[in-house]
Number of protein chains: 2
Amino acid sequence: MRMGPTIADVARVAGVSRSTVSYALSGKRSISGETRQRIFDAIRDLGFTANAGARALATRRTMVLGLLMQFEPDEFAPAMLQYVMAVTETARRKGYDILLVTDHDGPAALRRITDSGMVDGVVLLDVLHDDPRLPVLREAHRPAATVGLPADTEGLDVYDLDFGAAARQIVDHLRDLGHPEIVLITPPRPVFSRGGAYSWRFRDAAVEQAARRGVRLTAHYGEADPSRIPATVGAVLDAHPQATALIVHNDATAAMLPAVLGARGVAVPGDLSVISLYSADFARTFSLPYTFVESAPGLLGRSAVEALVHRLDHPGGPDRPVTRLVAPHLIDRGSTR
Amino acid sequence: MRMGPTIADVARVAGVSRSTVSYALSGKRSISGETRQRIFDAIRDLGFTANAGARALATRRTMVLGLLMQFEPDEFAPAMLQYVMAVTETARRKGYDILLVTDHDGPAALRRITDSGMVDGVVLLDVLHDDPRLPVLREAHRPAATVGLPADTEGLDVYDLDFGAAARQIVDHLRDLGHPEIVLITPPRPVFSRGGAYSWRFRDAAVEQAARRGVRLTAHYGEADPSRIPATVGAVLDAHPQATALIVHNDATAAMLPAVLGARGVAVPGDLSVISLYSADFARTFSLPYTFVESAPGLLGRSAVEALVHRLDHPGGPDRPVTRLVAPHLIDRGSTR
DNA sequence: CTGAAAGCGCTTACAG
DNA sequence: CTGAAAGCGCTTACAG
């Protein structure tokens with residue numbers, strides 16, 4: 001708790017002024033070789049590190065980004081982690097630290113960390129169609145990037161998977177293989193009702209594309225309660241004995257699917273073609289053998305941070321806020337036929 | 001990015017001095033009712049929030065805790081999340097924010113956030129027997145709490161499950177049911193070799209207790225690569241045809257066990273008794289039906305933060321650093337017989 | 001190439 | 001009960 005050396009200590013030891021030390025540190029003006037040497041010797045000898053708070057006060061930059069997320073009981077937490085990893089990793093590479101905010105009251109938390117100047121900008125995860133954090137964000141006048149597509153993208157750098165295109169690609173893939181009837185398991189109903197737009201963007205596009213291509217497709221809500229997943233999947237399959245293909249747009253269901261289908265004695269793709277939507281990392285963690293569209297958490301998290309940092313590093317720059325929907329990429333693992 | 005109002009603005013509007021506003025905010029001296037009212041009216045009207053950096057500079061307290069963790073490829077990331085949730089949630093409840101640090105170079109990252117005064121204290125997750133972050137921590141002179149038991153606990157508040165007691169309880173449980181031969185799947189070998197002490201604390205205690213109780217017990221390393229888990233579990237069971245009980249001390253293996261055993265046609269507990277070590281949350285997320293010892297990430301994360309905050313709030317207090325090994329608690333789900 | 005000084009926005013002894 | 005002023009540790013125009 002004892003304070004470390006300050007820039008004044010360095011200045012004294014090096015026999016220069018504080019400003020010279022500061023400039024040596026920032027490189028914002030040239031320092032004679034010999035002076036430079038004395039300064040850095042002193043820094044090393046004293047073990048000096050600039051105080052972040054004092055620097056932030058003087059520069060109005062904290063070099064910290066806020067990462068706002070919530071662990072919703074109906075979201076599959078393990079999948080969230082990949083966004084967190086991508087965001088923190090990219091931020092560090094760009095010289096920023098991450099303030100992790102998981103408060104249940106997202107708007108209040110956002111106001112707190114922006115108004116108090118704790119962060120230079122924020123990344124919002126899991127943005128809802130009509131996200132209550134966005135009005136707060138607009139008042140905060142801080143750069144922000146989101147993962148997830150809100151209704152109003154004004155002033156935000158927005159990154160998300162193109163869920164509509166993903167659904168169409170998946171339906172086309174199954175149609176081209178000749179499947180006449182398909183069952184879709186969507187995210188749990190609460191995800192729809194609270195405004196998780198990815199849920200209906202995928203489902204609605206799948207339904208439309210199926211109609212267009214002359215395929216029968218029925219959508220069913222996935223279970224929020226993991227223990228009910230086996231029964232629900234079973235019920236869905238029982239209800240559609242003619243269905244030869246299953247689309248899973250729900251991480252929790254996907255993670256359990258090998259066990260569930262195994263228990264039912266359903267062979268993939270012999271008895272049933274299966275295709276899903278998740279990340280390669282997710283597939284690896286749970287050894288999921290299914291053909292899937294990459295949900296790209298790494299790319300999305302990284303892009304969001306890079307856009308945010310670019311904006312922070314070029315304040316008042318000419319760049320308009322951007323909304324980028326990442327094109328889906330289907331990885332064929334042979335689970336469809 | 002436009003700065004918000006400062007304490008000087010509030011003082012002007014309320015017609016008082018800056019110090020009076022500050023004292024009204026902190027409550028550190030009494031303010032007359034009328035003055036108080038004018039101050040809080042001004043605060044509300046202006047939408048004032050104190051600047052965190054300036055406050056930190058003046059008070060030498062940032063109200064931020066560092067959370068140091070790493071996502072090791074051989075750790076099952078979903079299980080880490082529960083510690084993160086417990087830590088952030090508890091910190092917020094105590095008025096602290098969390099700086100999430102996942103740098104691969106843990107010691108350097110720790111030095112950076114402590115020397116620069118970004119955090120008041122740190123929580124270390126997944127502490128190794130001979131953790132390279134600890135020497136840095138000792139030089140940093142900042143309070144710290146860990147989850148995980150290092151060899152040298154000097155100066156640290158340490159929280160961990162009593163893995164030895166857990167192993168003994170599990171072996172006793174199986175022995176009391178009459179199982180003569182038991183197989184144990186441990187964490188992957190790299191966890192042992194890099195010093196994840198929980199791995200051998202559990203294994204060694206299990207081996208000893210089995211010997212003491214006259215049970216045959218063989219330990220096998222779990223797989224770091226999820227895709228190899230089914231084969232490895234299969235090989236282990238094949239190698240011990242007489243074994244009637246399986247202890248799983250590896251999250252990745254536990255998560256896949258229903259699918260793996262299902263595929264082999266092994267009924268639990270009919271053909272095989274299964275008992276594991278994980279959290280109730282983990283069991284819920286993956287619908288694991290096995291009897292288990294609670295690994296208590298919520299309790300451990302919460303306790304670590306509470307100890308740390310207590311120390312920060314009582315600097316120079318009389319409390320000696322504490323090492324607390326949480327007693328295991330077995331939840332019988334009927335998967336042993 | 002370098003220094004003295006003001007300023008960032010708070011808190012807190014010191015005085016009254 | 002309240003205020004003027006010093007100080008926290010930096011950065012950066014301003015001057016030389």
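Each chain gets a letter, A, B and so on, in the order its sequence line appears, and its residues count up from 1. Small disclaimer: the values here were computed from a predicted structure and weren't measured.
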Side chain of [X] only, heavy atoms from C-beta on: which candidate in [options] is closest?
| X | options | answer |
| --- | --- | --- |
| A:I31 | C:dT2, C:dG7, C:dT11 | C:dT2 |
| B:T35 | D:dC8, D:dT11, D:dT2 | D:dT2 |
| B:R60 | D:dG9, C:dT12, C:dG9 | D:dG9 |
| A:S32 | C:dG9, C:dC1, D:dC1 | C:dC1 |
| B:S17 | C:dC10, D:dA4, C:dC8 | D:dA4 |
| A:R29 | C:dG9, D:dC10, C:dG3 | C:dG3 |

OP1 or OP2 of C:dG3 sitting under 4.0 Å from any side-chain N/O of A:T20?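 The answer is yes; a side-chain N or O of A:T20 sits under 4.0 Å from OP1 or OP2.
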Any donor and acceptor pair, going by atom type alone, linking the side chain of B:S17 with main-chain N or O of B:T20 inside 3.5 Å?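 Indeed, once roles are kept as given, a pair shorter than 3.5 Å links the two residues.
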What is the distance from [atom1] of [X] to [atom2] of [N], rounded to the nearest Å?
| X | N | atom1 | atom2 | result |
| --- | --- | --- | --- | --- |
| A:D115 | C:dC10 | CG | P | 12 Å |
| B:E34 | D:dC1 | CD | P | 13 Å |
| A:M118 | C:dC10 | CE | P | 14 Å |
| A:K28 | D:dT11 | NZ | P | 8 Å |
| B:F48 | C:dG9 | CZ | P | 10 Å |
| A:L57 | C:dA6 | CG | P | 17 Å |
| B:M63 | C:dC10 | CE | C1' | 15 Å |
| A:R18 | D:dT12 | CZ | P | 14 Å |

Using a cut-off of 4.0 Å on non-hydrogen atoms, how would the nucleic acid contact of B:T6 be classed: base, sugar-phosphate, or nothing?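 Counting heavy atoms under 4.0 Å across all strands, the contact made by B:T6 is with sugar-phosphate only.
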For A:Y96 and A:R61, does a side-chain donor sit closer than 3.5 Å to a side-chain acceptor?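 Yes, a side-chain donor-acceptor pair sits under 3.5 Å.
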Neighbour count >12 (heavy atoms, 6.0 Å) for atom [atom1], [X]:
| X | atom1 | answer |
| --- | --- | --- |
| B:R36 | CZ | no |
| A:R92 | CZ | yes |
| B:R112 | CZ | yes |

Do B:S19 and D:dA5 have a side chain to base donor-acceptor pair shorter than 3.5 Å?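 For B:S19, whose side chain was compared with the base of D:dA5, there is no donor-acceptor pair (under 3.5 Å).
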Measure distances between side-chain N and O atoms of A:R55 and base N and O atoms of C:dG7, and say whether any donor-acceptor pair falls under 3.5 Å.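 There is none.
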Partner nucleotide, any strand, of D:dC1 [Watson-Crick/G-U, under 3.5 Å]: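 Check on D:dC1: paired to C:dG16, both distances under 3.5 Å.
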Specify the residue among B:T59 and B:Y23 whose closest nucleotide of DNA chain D lies further upstream toward the 5′ end.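 Nearest nucleotide further toward 5': that of B:Y23.
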